Amino acid sequence: MINIGCHLSISNGFEAVGKQALEIGANTFQFFTRNPRGGSARKIVQSDVDALIKIMNENNFSQIVAHAPYTMNLCSSKRETREFAYNTLTDDLKRMEYLPGNLYNFHPGSHTGQGVETGINQIINALNNAMTETMHTTVLLETMAGKGTEIGSRFEELREIINGVELKDKIGVCLDTCHVFDSGYDIVNDLEGVLSEFDRIIGIDKLKAVHLNDSMNYLGCHKDRHQKIGQGAIGYDAFKRIINNSYLKTLPFLLETPNELDGYAKEIRYLKNIYEI
Ligand code: FE
Ligand code: FE
Ligand code: ZN
């Protein structure tokens with residue numbers, strides 16, 4: 001069975017989002033831990049979380065993905081921004097313990113002129129201070145498009161971060177199809193080659209989730225503009241190969257396409273149809 005879902009809002013609580021996922025045919029989903037522009041997170045109600053866990057258990061959900069706010073930049077040149085990001089990360093990881101065994105995805109960050117090496121070291125330090133031996137969450141570095149001074153658009157940069165993280169069994173990668181394509185990895189004509197490069201540099205066992213997005217732009221454009229599945233430069237055939245690839249097919253697939261709920265439901269139906277069991 002394919003593990004497929006999309007980005008959903010938790011503004012009505014966890015039980016509500018579980019029900020919403022079921023309505024659109026999803027068995028996983030992604031949510032922002034807090035407003036994408038940052039700010040404080042809503043209080044977690046234990047009974048609400050328990051209701052979601054019950055829905056997930058009864059409906060064969062795979063792992064779900066919490067996404068850190070976009071503003072969380074652990075390697076900004078501004079100290080206040082870095083501190084804010086570190087506090088967000090620490091708080092998010094504590095809150096993730098309400099939903100043990102799931103995934104926490106974040107954008108490694110933008111070094112804003114400090115240089116890649118400085119940025120990577122700041123990310124490593126923050127992770128080593130925030131992650132704990134007792135936590136039950138796997139932290140995922142998202143592959144990035146390489147917009148501006150973004151870190152993580154090359155597999156080598158992600159490897160360097162992972163190499164510096166002490167708790168190796170609690171760190172992984174989330175592959176975003178739009179981002180890797182925009183970064184220059186040709187998943188349309190050479191998916192096998194890209195994945196063997198990932199394996200050689202990072203190790204395929206570190207790949208824990210996939211963001212399914214088509215791209216509005218061309219290979220290597222470094223733009224990061226998501227498109228609906230099949231309507232961009234990646235195209236239907238490539239998505240059929242992606243979801244059926246032997247390394248990817250058992251991972252949770254999350255749509256972050258420009259859609260309302262009905263559009264997501266349609267894409268989920270389509271992807272289920274072209275998934276080979
Ligand atoms: Fe993201
Ligand atoms: Fe993404
Ligand atoms: Zn994106």
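Nothing here was measured: the structure is a model prediction, and the numbers come from that model. Order of appearance sets the numbers: ligands from 1, and atoms from 1 within every ligand. Just so it is clear, the values below take in all heavy atoms, side chains as well, and ignore hydrogens, waters and symmetry mates.
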Inset, instruction - Look at His179 and state whether any of its N, O or S atoms is less than 2.8 Å from the Zn ion (ligand 3). - result: yes

Inset, instruction - Could you tell me whether any N, O or S atom belonging to His226 is less than 2.8 Å from the Zn ion (ligand 3)? - result: yes

Legend entry - N/O/S atom of His107 inside 2.8 Å of the Fe ion (ligand 1), strictly under: yes

Legend entry - Metal proximity, Glu142 vs the Fe ion (ligand 1), N/O/S cut-off 2.8 Å: yes

Inset, instruction - Tell me yes or no: between the side chains of His67 and Glu142, is some donor less than 3.5 Å from an acceptor? - result: yes

Inset, instruction - Kindly give the atom name of the N, O or S atom of Asp176 closest to the Fe ion (ligand 2). - result: OD2

Legend entry - Single-linkage hydrophobic cluster Leu89~Ile123, side-chain heavy atoms < 4.5 angstrom: yes

Inset, instruction - State the atom name: nearest N, O or S atom of His211 to the Fe ion (ligand 2). - result: ND1

Legend entry - Name of whichever N/O/S atom of Glu256 is nearest to the Fe ion (ligand 2): OE1

Inset, instruction - For the Zn ion (ligand 3), decide whether Asp224 has an N, O or S atom at a distance under 2.8 Å. - result: yes

Inset, instruction - Could you give me the CA-CA distance, side-chain angles and deciding distance for Ile204 and Phe198, then say whether side chain to side chain contact (heavy atoms under 4.5 Å, CB included) is met? - result: CA-CA 6 Å; Ile204 204 76; Phe198 186 102; 3.9 Å; yes

Inset, instruction - Please determine if Glu150 and Lys147 form a salt bridge, counting it only when a charged side-chain N lies under 4.0 Å from a carboxylate O. - result: yes

Legend entry - Hphob cluster co-occupancy, Met135 + Leu74, side-chain heavy atoms under 4.5 angstrom: yes

Inset, instruction - Go through the steps to decide whether Tyr270 and Phe239 satisfy the test ring-ring contact (aromatic ring centres under 6.0 Å, His included), and finish with yes or no. - result: CA-CA 11 Å; Tyr270 175 77; Phe239 282 105; 9.2 Å; no

Inset, instruction - Scan side-chain atoms only and decide if Glu192 and Asn245 contain a donor-acceptor pair under the 3.5 Å cut-off. - result: yes

Legend entry - Under 2.8 Å: N/O/S of Cys174 next to the Fe ion (ligand 1): no

